[in-house]
Amino acid sequence: MEYNFNEIEKKWQATWDEKGIYHVQDNSSKPAYYVLDMFPYPSGAGLHVGHPLGYIASDIFARYKRLEGFNVLHPMGYDAFGLPAEQYAIEHGVPPAESTSKNIQNFRSQLDHLGFSYDWSREIKTADPHYYKWTQWIFLQLFNSYYNRHENKADRIENLIVVFEKEGNKNFSCPGNDATIFSAEMWNGFEEKMKMDILMNYRLAYCGYGEVNWCEGLGTVLANDEVINGVSERGGFPVEKKTLRQWYLRITEYADRLLEGLQHVDFSESMKDMQSNWIGKSTGAEISFELLDNENQTKNIVVYTTRPDTIFGVDFLVLAPEHILVQKIITKEQQQEIEKYIGYMKSRSERERQAEKKITGSFTGAYAKHPFSGNLIPVWISEYVLAGYGTGAIMAVPCGDERDFKFARHFDIPITNIIGKDFNGEAANDTKDAILEKSDFLDGLRMRDAIQIVIQNLAEKNIGKAKVQYKMRDAAFSRQRYWGEPFPIIWKDGIAYPMTENELPLLLPPIKDLSPGLNGEGPLANNREWIENVPGGGVRESSTMPGYAGSSWYFLRYMDPHNDQKFCDKKASDYWGQVDLYIGGTEHAVGHLLYSRMWTKFLFDLGTISFDEPFKKLLNQGMIQGSSRFVYKLNLDIENASQLNAPVIFISKKYADDFLQKNIASEELENKISEILKSYFGNDDDQIKIISKNIIPIHADVNMVDGFELDINAFKKWRNNEYANAYFILEYDQYICGAEVEKMSKSKFNTINPDDLVLKYGADTFRMYEMFLGPVEQSKPWDTKGIEGVHRFLKKLWRLFFDETKGNIITIDKASPAEMKLLHSTIKKVRDDTERFSFNTAVSAFMIAVNELATLKCHKAEILEPLLILLAPYAPHIAEELYQHVRGIQQKNNYESIVDALLPIVDEKYLTETSKEYPLSVNGKLRTTISISLVAVQQEVEAIVLENDIVKKWLDGKPPRKIIYVKNKMINIVI
RNA sequence: GCCCGGAUGGCGGAAUUGGUAGACGCGCCAGACUCAAAAUCUGGUAUUAGCAAUGAUGUGCAGGUUCGAUUCCUGUUCCGGGCACCA
């Protein structure tokens with residue numbers, strides 16, 4: 001009987017499905033465990049071998065936990081809203097709903113071939129109204145909430161209104177605008193519109209005007225993390241700043257908790273670093289500098305600094321060019337120059353400013369007074385100060401800050417040195433450990449220690465205060481797009497009114513025209529019927545929510561996916577709790593992971609769930625890169641090219657490399673080329689003059705290349721016989737391709753479709769091979785070659801059960817101690833490895849075990865049955881097939897799936913030996929081996945060793961200099 | 001520029017707490033079976049000297065700590081990822 005993996009896998013997938021074996025209930029006497037994959041965006045390209053890596057890892061772990069006796073929640077769904085479907089609709093006229101559902105079907109069938117244990121009854125799609133009803137509901141909760149800074153949690157906006165009516169906002173400063181201050185009487189006297197505008201500045205989901213990343217190419221606004229080097233992540237269109245009405249999430253109110261929460265989750269250090277860098281907390285002080293004003297009334301410039309200790313080293317102030325005060329403080333003499341500078345600055349794109357860091361700036365003519373010394377300090381403007389961070393103004397300390405130093409140098413501003421010999425006059429020194437000089441009351445203090453003293457002093461004089469700043473901004477939450485959740489908001493007289501819960505879901509209307517609306521509005525704005533069809537008057541919000549809206553809470557929905565009364569019943573979320581293991585790529589480090597952490601904290605604040613971190617442990621799978629192959633096409637520029645077409649010639653790697661390096665063809669290559677030209681042009685070869693030639697590497701489909709050797713016949717047929725008549729210059733009778741590791745993508749012809757591999761080797765082989773490739777967390781290029789090795793292993797396993805001629809060879813003989821030892825050491829190794837996510841070494845352990853059993857000719861059910869259960873998470877189909885076979889042999893014929901089996905446990909008694917040979921070394925140098933009982937304690941070991949004849953001889957009567965080390969592995973004597 | 005991670009045979013990688021470096025797999029070499037091929041099996045495979053036993057060298061590079069370092073420390077080079085005028 002042969003290992004017919006296709007048949008076996010089909011059979012068991014159908015059986016498991018039929019019996020609903022992976023459906024889990026929300027209550028069980030078993031402990032709960034939640035294993036989650038980052039759900040995919042169902043792109044049209046389908047799955048390539050990179051996608052399943054994380055899914056396989058999570059499936060192994062879910063199955064493993066199930067065998068350990070846990071009630072495991074392991075669901076899957078689709079992040080179905082998003083830009084690509086809309087782009088596709090614009091280009092091909094297929095409605096996004098249609099293409100998305102087609103892509104989902106395709107994804108599903110690909111996933112099904114791999115034998116995953118998802119509970120598909122819990123499948124969710126973010127574009128499904130039953131789902132986005134609750135996305136809209138959560139948005140309404142955010143809209144109807146503010147952040148109570150005293151209690152450090154979100155609270156209903158009604159409660160804030162009650163406070164305003166009683167005492168104004170003196171205890172609840174406005175997060176959207178510091179300058180908003182009012183008393184109870186003022187509040188009660190405000191018009192409705194005024195009140196709503198003020199409340200908008202408190203809401204956790206709010207609408208405001210702000211500079212946004214506007215992408216003309218996509219006709220929409222992008223989040224910071226969707227912009228890469230000044231162009232859009234998708235499409236690569238240029239992105240510019242534009243002021244637009246936008247919805248935002250006030251995530252900055254959660255900055256501290258998002259930072260603090262990182263200490264309680266098991267994320268990799270680099271992931272935590274990325275998040276905390278993104279949040280970018282810095283502590284420092286705001287300091288107010290009084291302006292020495294000429295005409296207008298006196299104004300203050302408030303700067304933000306993390307280094308108040310350097311206050312006496314301030315040589316000038318710098319404002320961001322966009323700073324509101326700039327226009328008010330410039331002197332007549334400087335007016336022209338400043339305007340020229342601002343004009344210049346506006347001409348510079350974001351990209352230019354990032355690319356070339358020029359030192360630019362202009363003097364305003366104004367001076368400020370130093371808060372302590374009273375010295376006059378010139379005020380400058382410069383683009384290196386950002387309007388959006390801190391107060392948009394800084395105090396420049398050239399001796400301590402590199403940028404300030406360069407600026408001072410460039411504009412010949414005298415530099416004050418407050419750190420003596422620690423400043424060499426050539427470069428700034430940002431140390432905190434220098435002793436301060438020329439610093440009045442700070443003289444002689446270490447800078448580090450001076451910080452608090454300065455802040456205290458400033459506070460007493462009421463000219464400054466300690467201040468914490470964050471780099472993170474509020475998250476832009478609206479898109480001028482069609483394919484997203486509509487906002488449940490009605491605009492009436494410039495006021496945003498939330499819809500009520502029972503009006504949800506607000507359905508996304510099907511529309512044909514997806515072109516952008518006027519004035520930066522989305523496509524929905526063109527659908528007047530929908531926009532204006534509002535009972536009670538008003539118009540609907542025309543923008544839609546961004547891609548991350550639906551993905552910020554989906555992990556909660558899986559716990560209670562069909563509930564139409566609540567987004568998730570608290571009983572269900574209490575039972576399942578946090579996601580125990582979350583697997584996905586690092587690319588979501590600062591986007592999705594930060595937003596879902598915020599939403600979870602918010603829902604926790606509302607009391608709707610009992611945990612405020614969504615993911616207990618995060619495992620980042622590495623990317624599987626493509627290993628691209630190149631062929632080298634020779635471009636010939638020949639005389640009379642108008643009449644003659646040059647032949648298409650491909651050059652093997654050796655010659656091409658040589659050519660590309662030296663930029664000139666070797667004699668050997670020249671000869672080969674002229675040979676081809678001769679045969680191509682026949683007798684006319686005298687006429688052919690090559691003017692120039694160069695080589696262009698082009699991607700060849702990796703599926704036509706074996707290792708590095710091109711299958712020339714397949715290549716000729718490629719792309720409708722495009723190169724059917726091409727010539728090939730070979731090396732050693734082979735065409736050798738160039739290679740490079742790149743991201744896997746269709747356009748690079750380096751994608752490998754898992755379906756093909758599953759067909760050829762089976763899902764079990766594929767699963768194990770992806771794991772065997774290396775640590776899950778590591779990125780690595782795909783290489784199909786090694787898959788044979790894993791496949792051989794499974795065939796070998798099969799032959800432990802079936803012989804080609806004899807058929808079944810399983811026996812119910814008693815196992816020998818050696819066999820038991822092998823079994824239990826394998827159980828131990830595999831369990832340890834699986835628990836620490838070292839799946840590659842676990843696969844190795846299986847290989848060693850099977851090799852050993854084959855050598856021992858061990859076909860005993862007693863050994864093989866537990867081994868199969870152990871293997872089931874990795875290779876579920878073959879394990880189930882053989883397991884049922886073994887149980888049949890043992891006459892346990894009632895069907896019980898291996899899925900319901902219990903994982904074998906390690907019996908230490910088979911692992912311990914009574915004595916062990918230890919290597920014995922002298923001064924680290926291996927000398928001999930010595931047999932010592934494992935139960936011996938340290939003193940005994942010493943005695944045994946010292947009694948050893950050889951050792952005695954070495955020691956020559958003298959005692960050893962150092963104690964003997966036994967570390968379960970070796971013994972060493974130091975003399 | 002800053003932060004984080006990494007570097008081990010021809011290749012992917014292993015070495016879990018400082019303790020016999022190179023497990024396992026690929027590839028390659030030789031052999032068995034076969035008319036032959038495939039499949040399968042057996043042996044070999046870091047470098048170097050040697051017929052061999054064996055010796056020397058060896059985990060990017062230069063040092064250090066230690067009886068002993070792929071592992072810890074200092075410096076340095078290269079590669080990958082993230083952030084980027086954040087005061």
Side-chain angles (χ1 to χ4, degrees), chain A residues 2 225 229 268-278 280-282 284-285 303-307 310 318 320 353-354 357-359 382-386 388-397 400-404 406-407 430 469-473 586-587 589-590 620 622-623 625 707 741 768-769 772-775 777-790 792-793 795-796 799 804 829 832-833 835-836 838 840-848 851 854-855 918-926 929 960-975:
Chain A
E2 244 183 51
D225 40 301
N229 292 329
S268 70
E269 282 309 309
S270 67
M271 182 61 59
K272 288 183 184 181
D273 278 346
M274 270 190 244
Q275 292 213 359
S276 45
N277 287 343
W278 184 264
K281 181 177 184 171
S282 57
V303 303
Y304 178 71
T305 179
T306 53
R307 297 296 302 275
T310 62
V318 190
R353 282 169 73 170
Q354 278 181 4
K357 280 173 191 164
K358 283 197 207 158
I359 300 166
S382 173
E383 61 181 332
Y384 86 87
V385 174
L386 308 175
Y389 184 75
T391 59
I394 63 155
M395 58 179 220
V397 182
D401 183 280
E402 197 54 46
R403 288 155 309 169
D404 296 348
K406 284 183 178 153
F407 194 84
D430 62 2
Q469 275 291 343
Y470 300 93
K471 277 193 233 178
M472 184 170 67
R473 303 292 144 73
T586 35
E587 67 272 20
V590 288
N620 295 115
M623 222 185 350
Q625 293 135 321
V741 171
M768 288 193 96
Y769 182 57
F772 185 66
L773 225 44
E777 285 163 281
Q778 196 173 301
S779 289
K780 56 236 155 186
W782 177 262
D783 176 18
T784 302
K785 283 234 152 157
I787 200 168
E788 295 278 356
V790 176
R792 255 171 234 154
F793 151 74
K795 282 195 280 187
K796 207 170 200 176
R799 287 198 304 272
E804 256 177 69
K829 173 82 176 142
D832 284 356
D833 286 351
E835 262 150 43
R836 65 189 177 100
S838 179
N840 54 330
T841 52
V843 175
S844 295
F846 282 120
M847 290 177 170
I848 295 169
N851 277 337
T855 312
Y918 283 95
L920 189 142
S921 55
V922 177
N923 283 351
K925 207 157 174 94
L926 185 69
T929 58
R961 191 156 63 84
K962 252 193 184 174
I963 328 159
I964 303 153
Y965 294 84
V966 179
K967 266 200 174 169
N968 205 20
K969 277 201 175 157
M970 68 178 296
I971 300 164
N972 187 38
I973 307 166
V974 184
I975 50 176

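Numbers restart at 1 for each chain; the letters A, B, ... are given by sequence-line order, proteins then strands. Since the structure is predicted, the reported quantities are computational estimates derived from the model, not experimental observations.
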request  = Run the numbers on A:I359 and A:Y384 for side chain to side chain contact (heavy atoms under 4.5 Å, CB included), then give the verdict.
outcome  = CA-CA 8 Å; A:I359 300 166; A:Y384 86 87; over 6 Å; no
Going by purine N1 to pyrimidine N3 plus the second Watson-Crick contact, or the G-U wobble pair, all under 3.5 Å, which nucleotide sits opposite [N]?
{"N": "B:G10", "value": "B:C26"}
{"N": "B:A62", "value": "B:U74"}
{"N": "B:G68", "value": "none"}
{"N": "B:G80", "value": "B:C4"}
{"N": "B:A15", "value": "none"}
{"N": "B:A32", "value": "B:U40"}
{"N": "B:A52", "value": "none"}
{"N": "B:A21", "value": "none"}

Students often get this wrong, so: under 4.0 angstrom with heavy atoms, is [X] touching a base, only sugar-phosphate, or nothing?
{"X": "A:P781", "value": "nothing"}
{"X": "A:D832", "value": "nothing"}
{"X": "A:S844", "value": "base"}
{"X": "A:S282", "value": "sugar-phosphate"}

query = Distance check: side-chain N/O of A:Q469 vs OP1/OP2 of B:C86, anything under 4.0 Å?
reply = no
key: Distance test, side-chain N/O of A:R792 to OP1/OP2 of B:C26, below 4.0 Å   = yes
task = Name the closest nucleotide to the A:I848 side chain, picking from B:C24, B:C85, B:C3.
result = B:C24
task = Taking only Lys NZ, Arg NE, NH1 and NH2, and the carboxylate oxygens of Asp or Glu, determine whether A:K829 and A:D833 approach each other closer than 4.0 Å.
result = yes
message = Any carboxylate oxygen within less than 4.0 angstrom of a Lys/Arg side-chain nitrogen, looking at A:K785 and A:D783?
response = no
Write down the distance separating the [atom1] atoms in [N] and [M], rounded off to the nearest Å.
{"N": "B:A69", "M": "B:C24", "atom1": "C1'", "value": "25 Å"}
{"N": "B:A62", "M": "B:G12", "atom1": "C1'", "value": "30 Å"}
{"N": "B:G64", "M": "B:U71", "atom1": "P", "value": "14 Å"}

request  = Determine the minimum heavy-atom distance between A:M395 and A:D404, stating which atoms define it.
outcome  = O-OD2, 4.0 Å
request  = Please tell me which of A:T391 and A:K829 maps to the more 5' nucleotide of RNA chain B, matching each residue to the nucleotide holding its nearest heavy atom.
outcome  = A:K829
